[in-house]
Amino acid sequence: MSTPPASPDGGPAQSKARAIRGSILHFKDDPREGDSAAWEYYEDGLLIVEGGCVARLGDARALLRGAPRDLAVDDCSGKLIVPGFVDAHVHFVQTDIIAAYGRRLLEWLEQYTFPAERAFADERHAHEVAEFFLDELLRNGTTTALVLGSVHATSVDAIFRSAAARGLRLIAGKVMMDRNCPEYLRDTPASSYADSKALIARWHGRDRLGYAITPRFAPTSSPEQLEAAGTLAREHPGVCVQTHIAENEEEVAWVRTLFPASRSYLDVYDRYGLLRRPAVLAHGIWLDDQDHARLAASGAALAHCPTCNLAMGSGLFDVARASSAGVQVALGTDIGGGTSFSMLRVMQEAYKVAQLRGYALSPLRAFYLATLGGARALGLDDRIGSFLPGREADCVVLDPAATPLLARRTQLAASLVELLFVLMVLGDDRAVARTYVMGSPAQQR
Ligand SMILES: [Zn+2]
């Protein structure tokens with residue numbers, strides 16, 4: 001992948017208009033009802049980018065007729081261009097424990113996760129992993145992610161510094177946890193409040209970065225710490241909240257014993273003022289109708305992480321049920337419990353989970369969830385997730401002929417929907433021909 005020329009401030013040069021030509025698809029809304037006004041598709045399309053943002057989108061031949069002669073056009077004909085993928089739940093500090101064998105959630109945390117996260121007290125280690133992690137996101141066409149760090153503020157400084165250097169839109173937060181974890185990983189209600197506040201002051205709103213208040217999950221936070229998280233949320237209304245909820249049944253039973261006064265797991269977060277837009281709660285497999293109604297009313301979203309849920313035997317998320325209740329749903333890789341950085345793989349597994357629930361997740365809906373759906377969950381749909389004029393021009397170019405099997409199978413695709421389905425079933429990082437950030441080829445090491 002080529003490196004774009006650097007501007008004086010070190011970011012990609014963005015002043016000149018450029019355009020990308022190919023088959024272009026984006027969503028304006030959730031295509032749940034099969035409403036064709038929810039998406040826009042140009043078989044021979046042109047995306048004109050000015051100052052890093054979308055200036056125009058339309059039929060290539062029509063737009064090129066009126067375009068300045070020196071418009072630089074990246075010709076991606078024969079490929080499919082969609083908005084950059086949004087990974088709505090991922091732990092960069094778990095990069096090195098992907099593919100850890102044989103455990104369910106609570107044992108997995110003890111045996112693999114906590115020891116791995118301990119290493120992020122070291123700044124150099126945090127930086128090295130952050131760089132690898134962002135390379136991997138971009139190789140997979142993911143241009144925005146909602147990222148959990150470790151308990152150490154240094155981990156979040158590292159991921160923000162690396163994301164800023166590449167001009168990425170990214171949200172991250174320091175995990176807050178003061179109980180039910182090893183002594184060496186504990187903060188306190190006061191220190192987690194102070195560290196999070198300092199990180200918000202240092203990073204939130206700088207470049208394309210945003211902060212997320214990040215209690216790991218209810219079992220690892222005392223009531224006092226959840227209170228502190230709620231105070232942070234109140235003091236910073238625009239800041240995202242991220243955590244986990246109702247991933248497996250043992251965890252749900254444990255939360256019931258830890259917070260006996262709460263009606264449900266969701267109610268624990270609700271009592272501390274942590275449900276709002278934007279807030280993203282990962283998993284949400286074991287929720288009831290009342291929880292769904294409360295989520296919908298609060299604007300908080302669920303991140304469906306099927307590769308993780310299947311690998312850990314946690315359960316089958318019901319995307320149709322959550323959506324019907326009006327809950328905003330997004331997709332996440334949940335590295336390192338998840339088994340792939342590829343959002344195409346996540347879509348594929350979401351499809352299989354839906355099949356086990358008794359219905360087919362449409363390919364259009366899967367691509368929506370991985371793009372605009374994710375942007376909406378993160379409260380960023382006015383910036384990213386579609387190609388509406390003025391949106392930041394983050395996009396991924398998918399090659400339907402990336403492998404012999406993809407080439408053979410996509411040639412037989414009779415419709416856009418069929419092409420999308422083949423891409424999400426057979427595609428992964430190999431199908432990503434190029435990733436653009438603010439209209440320029442992504443910077444990788
Ligand atoms: Zn997670």
Side-chain angles (χ1 to χ4, degrees), residues 86-100 103-117 120 129 133 136-137 142 144-152 155-156 159 170-177 180-181 185 212-221 229 240-252 254-255 265-266 268-269 274 278-287 300-315 317 329-343 345-346 349-350 353 374 377-378:
V86 177
D87 184 344
H89 182 77
V90 59
H91 303 248
F92 100 85
V93 292
Q94 294 175 13
T95 298
D96 290 337
I97 56 161
I98 189 170
R103 293 285 175 265
R104 287 167 67 90
L105 174 65
L106 301 176
E107 299 166 322
W108 174 83
L109 285 169
E110 291 290 337
Q111 185 171 343
Y112 298 114
T113 311
F114 293 146
E117 293 193 3
F120 286 79
V129 176
F133 172 84
E136 201 59 23
L137 288 193
T142 300
T144 288
L146 177 56
V147 179
L148 293 94
S150 65
V151 74
H152 316 96
S155 70
V156 181
I159 193 75
L170 183 128
I171 303 179
K174 172 209 116 68
V175 154
M176 305 167 77
M177 53 178 175
N180 292 319
C181 59
L185 276 181
I213 299 158
T214 311
R216 175 174 220 116
F217 69 149
T220 47
S221 284
C240 193
V241 173
Q242 63 174 341
T243 188
H244 300 86
I245 190 165
E247 181 171 354
N248 85 9
E249 288 174 294
E250 292 97 51
E251 171 210 8
V252 173
W254 190 22
V255 169
Y265 195 156
L266 186 81
V268 175
Y269 296 137
L274 296 169
V280 179
L281 287 69
H283 310 301
I285 297 168
W286 305 97
L287 299 175
L302 292 176
H304 176 26
C305 307
T307 77
C308 177
N309 299 157
L310 292 172
M312 296 216 193
S314 298
F317 179 72
V329 178
L331 297 176
T333 59
D334 200 9
I335 298 300
T339 55
S340 173
F341 275 84
S342 168
M343 292 299 288
R345 287 273 183 92
V346 171
E349 300 293 288
V353 168
L378 273 56

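Basis for what follows: all heavy atoms, side chains included, without hydrogens, waters or symmetry-related copies. Counting convention: from 1, in listed order, for ligands and their atoms alike.
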Test item: N309 and V353 side chains (from C-beta on) under 4.5 Å apart, heavy atoms: no
Validation row, ring centre F217 to ring centre Y265 under 6.0 Å: no
Ring geometry between H283 and H89 (parallel below 30°, tilted from 30 to 60°, perpendicular above 60°): perpendicular
Under 3.5 Å donor-acceptor, S150 side chain and V93 backbone: no
Pairwise side-chain contact, I97 with T113, heavy-atom cut-off 4.5 Å (strictly under): yes
Residue that, paired with M176, satisfies side chain to side chain contact (heavy atoms under 4.5 Å, CB included) out of V151, T243, T220, I213: I213
The Zn ion (ligand 1): protein N, O or S atoms that are less than 2.8 Å away, sorted by chain: H89 NE2, H91 NE2, H244 NE2, D334 OD1
